[in-house]
Amino acid sequence: MNEYGDVAVELDYLTAKGTNSGIYLQGNYEIQIDDAWGLKNATSSNNGGIYQRWDDSKPEADKGFGGVAPRQNASKAPGLWQHIKIIFQAPKFDASGKKHKMLKSSVQN
C-alpha cells in the first residue's frame, strides 16, 4: 500500500552547468532535474522526464524500466530560474494488492 497518494508539486529551481538531481515521489518515482539546455532529443534521464526505475534482479539489458521522456525539452540555460509543475496521480491497488490504475504524471516546465 502507498503511504501517500495524489499530489501537485509546483516549484522554482535553478540549475548549474552539469547539474543532475531529481524530485522523488512516493520514494519510487523520480522526476529528473538536470542541465538539459540545448538538448535536441530528451530522454527519461533529462530535465522533466520520469526517470527509469531499476531492478538488479532482472537481466542486464532489462534492469532499467518504466522511464518516460518529457514531451519536449523546455529547459533554460544553466543559471536561469526555471519553474516546474508536477501533477502526480499515484497508482491505485485493489484489496489483494494488485495494481489497477497506473502512474500518471504531467510535468510542465
Side-chain angles (χ1 to χ4, degrees):
M1 254 342 167
N2 294 321
E3 188 173 342
Y4 302 101
D6 302 345
V7 67
V9 178
E10 192 166 354
L11 58 100
D12 295 315
Y13 64 99
L14 183 130
T15 59
K17 186 171 177 67
T19 295
N20 183 355
S21 192
I23 300 167
Y24 281 87
L25 304 168
Q26 293 189 322
N28 215 7
Y29 305 100
E30 178 185 3
I31 307 302
Q32 187 68 16
I33 301 292
D34 79 335
D35 170 19
W37 183 63
L39 189 63
K40 298 286 184 214
N41 297 310
T43 69
S44 65
S45 61
N46 294 122
N47 202 31
I50 301 173
Y51 197 76
Q52 65 182 351
R53 296 180 351 197
W54 201 258
D55 185 346
D56 283 325
S57 69
K58 293 185 175 189
E60 192 63 37
D62 299 325
K63 289 184 179 192
F65 67 96
V68 179
R71 289 186 199 139
Q72 67 182 42
N73 183 8
S75 299
K76 295 181 181 178
L80 296 177
W81 283 99
Q82 302 185 61
H83 183 82
I84 191 165
K85 181 177 184 180
I86 303 164
I87 307 300
F88 178 82
Q89 184 179 6
K92 307 292 186 244
F93 300 88
D94 64 20
S96 70
K98 182 178 177 184
K99 192 183 296 185
H100 64 89
K101 285 192 180 178
M102 300 301 286
L103 163 73
K104 290 184 183 177
S105 183
S106 171
V107 177
Q108 302 167 350
N109 267 8

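Within the 4.5 Å cutoff, no side-chain heavy atoms of L14 are placed close to those of L80. I33 has its side chain within reach of I84: a pair of non-hydrogen atoms, C-beta onward, lies under 4.5 Å apart. F88 places none of its side-chain heavy atoms less than 4.5 Å from the side chain of V9.
Y51 forms part of no hydrophobic cluster, judged by ILVMFWY side-chain heavy-atom separations under 4.5 Å.
Panel note: side chain E30, backbone I50; no donor-acceptor pair is recorded below 3.5 Å. Judged by distance alone, with hydrogens and angles left aside, the side-chain atoms of D35 form a donor-acceptor pair with the main-chain N or O of G18 at under 3.5 Å. Side-chain atoms of D34 never come within 3.5 Å of backbone atoms of T19 as a donor-acceptor pair (strictly under, hydrogens ignored).
The minimum heavy-atom distance between K17 and P78, with the atom names listed, is N-CB, 3.5 Å. The nearest pair of heavy atoms linking N28 to R53 is O-CD, 3.2 Å.
Separating the NZ atom in K85 from the CG atom in L11 is a distance of 12.0 Å, to the nearest 0.5 Å. Between N47 atom CG and Q32 atom CD the span is 7.5 Å, to the nearest 0.5 Å. Going from atom CH2 of W81 over to atom OH of Y13 covers 11.0 Å, rounded to the nearest 0.5 Å.
No single ILVMFWY cluster, assembled from side-chain heavy atoms under 4.5 Å apart, contains both I31 and W54.
Summarising the local packing, OH of Y24 is surrounded by 12 or fewer heavy atoms from other residues, nucleotides or ligands at distances under 6.0 Å.
Residues passing the salt bridge (charged side-chain N to carboxylate O under 4.0 Å, His left out) test with E60, sequence neighbours excluded: K63.
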Between side-chain atoms of residues 37-44 and protein atoms elsewhere (two or more places apart, or another chain), which donor-acceptor pairs fall under 3.5 Å?
{"residue": "T43", "atom": "OG1", "partner": "S45", "partner atom": "N", "Å": "3.2"}
{"residue": "T43", "atom": "OG1", "partner": "S45", "partner atom": "OG", "Å": "2.9"}
{"residue": "T43", "atom": "OG1", "partner": "N46", "partner atom": "OD1", "Å": "3.1"}

